[in-house]
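These notes concern the structure reproduced below.
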Amino acid sequence: GENVEQHPSTLSVQEGDSAVIKCTYSDSASNYFPWYKQELGKRPQLIIDIRSNVGEKKDQRIAVTLNKTAKHFSLHITETQPEDSAVYFCAASYSNYQLIWGAGTKLIIKP
Amino acid sequence: NAGVTQTPKFRVLKTGQSMTLLCAQDMNHEYMYWYRQDPGMGLRLIHYSVGEGTTAKGEVPDGYNVSRLKKQNFLLGLESAAPSQTSVYFCASSYRPPDEQYFGPGTRLTVT
């Protein structure tokens with residue numbers, strides 16, 4: 001079946017440094033790629049998304065890049081802050097209605 | 001707007017018991033989803049609905065049933081709970097996929 005692989009599973013960076021999380025997907029028909037942030041004990045919340053007709057999208061310190069040929073997309077967080085500590089999930093659309101999710105990356109920001 | 005709400009927040013069941021989880025949304029969304037979240041496995045789709053009166057199976061539907069009698073409500077039922085169904089259950093809704101899914105606060109279910 002279709003799947004999304006996400007790496008790394010845990011990422012520890014110094015406060016102020018950049019963090020990069022990578023995902024690959026298998027369904028060549030996928031055209032929507034969201035990233036969600038989930039703080040401990042809370043619900044997942046969308047932080048940024050990208051569609052297949054765009055190669056890159058930025059929102060302040062957060063950016064997402066998409067390489068459709070290679071079937072991979074990445075989340076970039078610059079100038080990391082303590083409040084960036086959370087689990088981040090990538091996902092890819094499947095059959096229009098569904099999302100296939102990565103297993104998550106736990107981001108730890110060291111002071 | 002309350003967004004997406006779920007009841008109950010916590011529940012402990014014994015093996016073989018049944019229960020229903022309720023999801024409600026006040027955003028007039030057509031599409032609703034039930035996921036389970038287990039450590040290290042991300043979110044897995046159990047069932048989803050593309051409109052009132054319709055339901056469809058997701059990735060892990062076995063042991064669960066759903067109903068969407070009203071547009072704003074999506075119910076998830078466990079007829080005979082098993083320890084393997086211990087998990088955190090999230091409901092979500094969206095306006096017109098593929099697009100943002102809005103999540104409820106989750107239900108933590110333990111089956112002993």
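Residue numbers begin at 1 in each chain, while the letters A, B, ... track the order of the sequences.
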Tell me, yes or no, whether the heavy-atom count around [X] atom [atom1], taken from other residues, nucleotides or ligands under 6.0 Å, exceeds 12.
X        : atom1 : result
B:Lys71  : NZ    : yes
A:Lys68  : NZ    : yes
B:Glu79  : CD    : no
A:Glu79  : CD    : no
B:Arg108 : CZ    : no
A:Glu83  : CD    : yes

Quiz item: Taking all atoms of both residues into account, what is the closest heavy-atom pair of A:Ala103 and B:Gly40, and its distance?
Solution: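 Closest pair (atom of A:Ala103, atom of B:Gly40, distance): CB-O, 3.6 Å.
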
Self-check item: Closest contact, heavy atoms only, B:Phe103 versus A:Arg43
Solution: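 So the minimum-distance heavy-atom pair works out to O-NH1, 2.9 Å.
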
Answer with yes or no whether the hydrophobic clustering places [X] together with [Y]; edges join I, L, V, M, F, W, Y residues whose side-chain heavy atoms lie under 4.5 Å apart.
X       : Y       : result
B:Met32 : B:Tyr64 : yes
B:Phe90 : B:Leu21 : no
B:Val60 : B:Val88 : no

Which portion of [X] sits near chain B, non-hydrogen atoms under 4.5 angstrom:
X       : answer
A:Tyr94 : neither
A:Ser9  : neither
A:Tyr97 : both
A:Pro34 : neither

Practice problem: Flag the one option from A:Ala91, A:Gly104, A:Pro44 with the top tally of heavy-atom pairs under 4.5 Å to chain B. | Solution: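 Ranked by contacts with chain B, first place is A:Pro44.
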
Self-check item: Trace of the side chain to side chain donor-acceptor pair (under 3.5 Å) decision for B:Gln37 with A:Gln38
Solution: CA-CA 12 Å; B:Gln37 184 175 43; A:Gln38 186 178 27; 2.8 Å; yes

Quiz item: At what distance, to the nearest 0.5 angstrom, does CG of A:Leu99 lie from CD of B:Glu100?
Solution: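 One gets 10.5 Å once the value is rounded to the nearest 0.5 Å.
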
Quiz item: To the nearest 0.5 Å, what is the distance between CG (A:Leu46) and CD (B:Gln101)?
Solution: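 The distance works out to 10.0 Å.
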
Quiz item: Considering only heavy atoms, which portion of B:Leu45 lies under 4.5 Å from any heavy atom of chain A: side chain, backbone, both, or neither?
Solution: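 Side chain of B:Leu45 only, per the 4.5 Å heavy-atom cut-off to chain A.
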
Quiz item: Of the backbone (N, CA, C, O) and the side chain (C-beta and beyond), which part of B:Asp99 lies under 4.5 Å from a heavy atom of chain A, both, or neither?
Solution: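 When you check distances to chain A, atoms from both the backbone and side chain of B:Asp99 fall under 4.5 Å.
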
Exercise. Would you please classify the geometry between the B:Tyr35 ring and the A:Trp101 ring as parallel, tilted or perpendicular, with 30° and 60° separating the classes?
Key: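 Ring orientation of A:Trp101 relative to B:Tyr35: perpendicular.
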
Practice problem: Would you mind reporting whether A:Gln98 and B:Pro97 have side-chain heavy atoms less than 4.5 Å apart? | Solution: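 When only atoms from C-beta onward are counted, A:Gln98 and B:Pro97 do not touch, as no gap falls below 4.5 Å.
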
